[in-house]
Amino acid sequence: MPKKSSALFVLAEALLSAFDTNDRINQYLLDNLPAEAWRAEPPGKKGRDVAGIVAHMHNVRVMWLKAAQGKIPEQLDRFTVTPAQAKNGLDASRAALRDVLHSSLSGDGCVKGFRPDVAGFFAYLIAHDAHHRGQITMLARQAGHAIPQKAMFGMWEWGVR
């Protein structure tokens with residue numbers, strides 16, 4: 001009996017899939033964030049609250065979209081953004097960045113305004129989001145509104161997100 005042929009691994013598709021999964025993890029975190037944590041005061045009353053961190057995540061994406069000349073979603077106001085607006089904003093900036101990433105992967109591998117290349121840009125974007133997910137979970141816990149343990153572990157389940 002002949003062996004079943006398996007599909008070839010396509011790095012560009014895998015990178016885009018990883019970027020999409022990263023954003024689903026962001027959405028999962030927001031879905032599991034206790035409502036009280038959204039505007040909870042940071043320790044020592046210094047720094048951003050969770051709403052401000054999420055707005056920053058989106059607004060940094062918008063900054064890169066401007067540099068890369070991608071589709072520009074509206075920025076989020078860290079003082080007035082609601083969880084629903086933040087989720088929609090993150091989805092819009094993900095979709096616009098995905099287009100930039102796809103174009104770069106299909107072209108010369110360069111992203112206008114970013115060095116060294118598209119692979120580095122993927123790493124940067126995912127690292128930036130992961131850094132702020134850590135801040136959000138720590139801030140929520142410090143404010144007395146910890147993310148449920150199941151959700152904390154769930155953020156690492158990339159194979160099912």
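The figures that follow rest on heavy atoms only: side chains count, while hydrogens, waters and symmetry mates do not.
Every residue two or more places apart in sequence or in another chain was checked for a salt bridge (Lys or Arg N to Asp or Glu O under 4.0 Å) with Arg48, and none qualifies. When the salt bridge (Lys or Arg N to Asp or Glu O under 4.0 Å) test is applied to Glu157, the partners found at least two apart in sequence or on another chain are Arg161. Residues that satisfy the side-chain contact (heavy atoms from CB on, under 4.5 Å) test with Gln27, not counting sequence neighbours, are Asp23, Lys87, Leu90, Asp91.
Put simply, CG on Leu16 and CG on Asp99 are 9.5 Å apart, with the number rounded to the nearest 0.5 Å. Rounded to the nearest 0.5 Å, atoms CG (Leu29) and CE (Met152) are 8.5 Å apart. Note: Tyr28 OH to Thr21 OG1 = 14.0 Å, rounded to the nearest 0.5 Å. How far CD1 of Ile72 is from OG of Ser93: 11.0 Å, rounded to the nearest 0.5 Å. Here the CG-CG distance, from Leu15 to Asp20, works out to 11.0 Å after rounding to the nearest 0.5 Å.
In this structure, the side chain of His132 does not engage the main chain of Met57 through any donor-acceptor pair within 3.5 Å. Side-chain atoms of Ser104 never come within 3.5 Å of backbone atoms of Val100 as a donor-acceptor pair (strictly under, hydrogens ignored).
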Exercise. What do the steps show when you test Trp156 against Ile25 for side chain to side chain contact (heavy atoms under 4.5 Å, CB included), and what is the final call?
Worked result: CA-CA 8 Å; Trp156 292 101; Ile25 299 298; over 6 Å; no

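Remark: His128 NE2 is packed, more than 12 non-hydrogen atoms of other residues, nucleotides or ligands lying under 6.0 Å away. Counting non-hydrogen atoms of neighbouring residues, nucleotides and ligands closer than 6.0 angstrom, the CD atom of Glu74 reaches no more than 12 such neighbours.
The minimum heavy-atom distance linking Arg78 with Gly52 is given by the pair CB-CA, 3.6 Å. When all heavy atoms of Arg61 and Asn26 are compared, the pair lying nearest together is NH2-ND2, 3.3 Å. Of all the heavy atoms in Phe9 and Ala14, the pair that sits closest is CZ-CB, 3.5 Å. Between Gln85 and Thr80, the shortest heavy-atom distance links the atoms OE1-O, 3.7 Å. Here the shortest heavy-atom pairing between Leu65 and Pro73 reads CD1-CD, 3.7 Å. Considering every non-hydrogen atom in both Ala86 and Val54, the closest pair reads CB-CG1, 3.6 Å.
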Could you pull out all donor-acceptor pairs under 3.5 Å where a side-chain atom in residues 109-127 meets a protein atom, sequence neighbours excluded?
unit_1 : atom_1 : unit_2 : atom_2 : d
Asp117 : OD1    : Ala119 : N      : 3.1
Asp117 : OD1    : Gly120 : N      : 3.0
Tyr124 : OH     : Trp64  : NE1    : 3.2

Could you list the donor-acceptor pairs under 3.5 angstrom formed by side chains in residues 136-151, with sequence neighbours left out?
unit_1 : atom_1 : unit_2 : atom_2 : d
Thr137 : OG1    : Arg133 : O      : 3.3
Thr137 : OG1    : Gly134 : O      : 3.0
His145 : NE2    : Ala143 : O      : 3.4

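Taken together through direct or relayed side-chain contacts under 4.5 Å among Ile, Leu, Val, Met, Phe, Trp and Tyr, Phe79 and Ile53 form parts of separate hydrophobic clusters. Note on Leu105: it clusters hydrophobically with Leu11, by side-chain heavy-atom contacts below 4.5 Å among ILVMFWY residues.
Applying the salt bridge (charged side-chain N to carboxylate O under 4.0 Å, His left out) rule to pairs touching residues 101-111 yields nothing, sequence neighbours excluded.
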